[in-house]
Structure formats: structure tokens, C-alpha cells
Amino acid sequence: QVQLVESGGGLVQAGGSLRLSCAASGRTFSSYSIGWFRQAPGKEREFVAGDGSTNIADSVKGRFTISRDNAKNTVYLQMNNLKPEDTAVYYCAVWIGTRYDCWGQGTQVTVSS
């Protein structure tokens with residue numbers, strides 16, 4: 001069973017940057033595909049980015065970048081030029097079989113205008 005822990009969230013002004021981390025423990029990390037999602041208050045959870053250079057939501061394309069460091073069992077989400085509409089709880093999850101699973105507890109990102 002893979003366990004994921006997100007970190008790096010916080011309060012930032014519009015136009016600022018944050019880097020989120022998703023640290024994994026349990027089994028061989030390099031064989032897993034990791035995805036980032038977010039959920040804003042009153043809205044459904046939405047996909048943000050996944051492993052693969054083209055696997056990124058249109059709403060964050062050109063601003064967010066996903067990367068990984070297998071030696072550290074960590075996937076990162078670099079978020080630049082943040083906007084107030086990026087405010088949400090951000091989660092990471094592992095692609096297992098036919099769906100994402102093993103969700104982390106989430107990290108809050110708040111962007112002030």
C-alpha cells in the first residue's frame with residue numbers, strides 16, 4: 001500500500017509561486033504514475049496534472065509544472081503566476097489499475113488578490 005503526504009501549501013499573493021511536494025512511502029515509487037488534483041470550496045475535485053509533459057489541465061497550462069525525484073520518492077507541482085481561482089486544497093494520488101487511489105490528506109493553497 002502506498003502512502004502519500006502533501007506539503008508546501010500556504011498563503012501567497014496573486015502572481016506568486018509555490019512548490020507542492022507529494023512524498024510517497026511504501027513500495028517502489030518509480031513504477032507509479034502520480035497525479036495532482038485540487039478541490040475548491042463548493043466545487044468538485046478536478047484534475048490538475050499527471051506524470052507526462054502533456055498531461056496537464058488547460059486552466060493551469062503554462063503556469064504549473066509537474067516533476068519527480070525518484071531518489072527522494074517525491075513528486076512536485078511547481079505553481080507559478082498563481083491566481084485567486086487557484087485557491088483550493090491540493091491532493092496527490094497514485095494511478096493504480098484503472099483509477100487514481102491512495103489519496104493524501106491534502107495541502108491548502110490560498111491565493112490573495
Side-chain angles (χ1 to χ4, degrees):
Q1 182 75 11
V2 177
Q3 294 180 327
L4 303 176
V5 178
E6 302 94 337
S7 62
L11 174 64
V12 64
Q13 289 186 334
S17 298
L18 285 173
R19 188 178 77 161
L20 305 184
S21 299
C22 173
S25 63
R27 298 171 63 181
T28 304
F29 176 73
S30 61
S31 63
Y32 290 116
S33 178
I34 302 292
W36 282 98
F37 294 77
R38 67 186 182 185
Q39 187 167 19
K43 295 187 177 181
E44 294 186 353
R45 185 169 58 196
E46 63 175 355
F47 172 81
V48 175
D51 281 329
S53 60
T54 61
N55 197 12
I56 191 163
D58 288 340
S59 59
V60 304
K61 195 169 293 184
R63 301 188 296 121
F64 290 12
T65 304
I66 188 171
S67 63
R68 65 190 297 154
D69 185 338
N70 288 332
K72 296 183 178 180
N73 279 12
T74 301
V75 172
Y76 303 99
L77 184 68
Q78 178 67 44
M79 307 187 296
N80 298 326
N81 190 22
L82 282 160
K83 303 176 180 181
E85 52 263 43
D86 295 319
T87 295
V89 178
Y90 284 71
Y91 301 89
C92 59
V94 177
W95 180 259
I96 298 178
T98 60
R99 62 189 176 97
Y100 280 102
D101 203 350
C102 304
W103 297 86
Q105 84 290 346
T107 185
Q108 176 70 48
V109 171
T110 303
V111 184
S112 63
S113 57

Taking only residues two or more places apart in sequence, or in another chain, which ones meet Tyr76 in a ring-ring contact (aromatic ring centres under 6.0 Å, His included)?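 Not a single residue meets the ring-ring contact (aromatic ring centres under 6.0 Å, His included) criterion with Tyr76.
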
If the condition is ring-ring contact (aromatic ring centres under 6.0 Å, His included), which residues does Phe64 pass it with, not counting sequence neighbours?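 None.
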
What is the distance from atom [atom1] of [X] to atom [atom2] of [Y], rounded to the nearest 0.5 Å?
| X | Y | atom1 | atom2 | answer |
| --- | --- | --- | --- | --- |
| Ile66 | Ile56 | CD1 | CD1 | 8.0 Å |
| Ile34 | Arg68 | CD1 | CZ | 6.0 Å |
| Leu4 | Ser25 | CG | OG | 7.5 Å |
| Ile96 | Cys102 | CD1 | SG | 4.0 Å |
| Asp69 | Ser21 | CG | OG | 10.0 Å |

Hydrophobic cluster (4.5 angstrom, side-chain heavy atoms) - remaining members for Val5: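 So far as hydrophobic clustering goes, Val5 is joined with none.
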
Pairs where residues 2-14 contributes a residue and the test side-chain hydrogen bond (donor to acceptor under 3.5 Å, both in side chains) is met, not counting sequence neighbours: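 As it turns out, there is no side-chain hydrogen bond (donor to acceptor under 3.5 Å, both in side chains) pair with a partner in residues 2-14 once direct neighbours are skipped.
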
Any chain of hydrophobic side-chain contacts (each under 4.5 Å) joining Tyr32 to Phe47?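 Looking at the clustering, Phe47 is in a separate group from Tyr32.
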
Residue pair Thr107, Leu20: steps toward the side-chain contact (heavy atoms from CB on, under 4.5 Å) verdict: CA-CA 8 Å; Thr107 185; Leu20 305 184; 4.0 Å; yes

Check whether any side-chain heavy atom of Thr110 sits under 4.5 Å from a side-chain heavy atom of Val12, and report yes or no.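 Not in contact.
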
Would you please name every residue forming a salt bridge (Lys or Arg N to Asp or Glu O under 4.0 Å) with Arg63, sequence neighbours left out?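 Counting only residues at least two positions away or on another chain, Arg63 forms a salt bridge (Lys or Arg N to Asp or Glu O under 4.0 Å) with Asp86.
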
Salt bridge (Lys or Arg N to Asp or Glu O under 4.0 Å) partners for Asp101, two or more places apart: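 Only Arg99 meet the salt bridge (Lys or Arg N to Asp or Glu O under 4.0 Å) criterion with Asp101.
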
Pairs in or reaching into residues 89-113: which pass ring pair (Phe, Tyr, Trp, His ring centres under 6.0 Å), with residues at least two apart or in two chains?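 Pairs touching residues 89-113 that pass the test: Phe37-Tyr100, Phe37-Trp103, Trp95-Tyr100.
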
Name all residues meeting the side-chain hydrogen bond (donor to acceptor under 3.5 Å, both in side chains) criterion together with [X]; count only those two or more places apart in sequence or in a different chain, and write none if there are none.
| X | answer |
| --- | --- |
| Gln78 | Asn80 |
| Asn81 | none |
| Lys61 | Asp58 |
| Glu46 | Arg38 |

Between Ala14 and Ser113, which heavy-atom pair has the shortest distance, and what is it?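 Shortest heavy-atom contact: CB-CA, 4.4 Å.
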
The criterion is side-chain contact (heavy atoms from CB on, under 4.5 Å); which residues satisfy it with Ala23, sequence neighbours excluded?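 Here the qualifying residues are Thr74.
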
Test side-chain contact (heavy atoms from CB on, under 4.5 Å) on Val109 and Thr87 and set out the steps. CA-CA 5 Å; Val109 171; Thr87 295; 5.8 Å; no

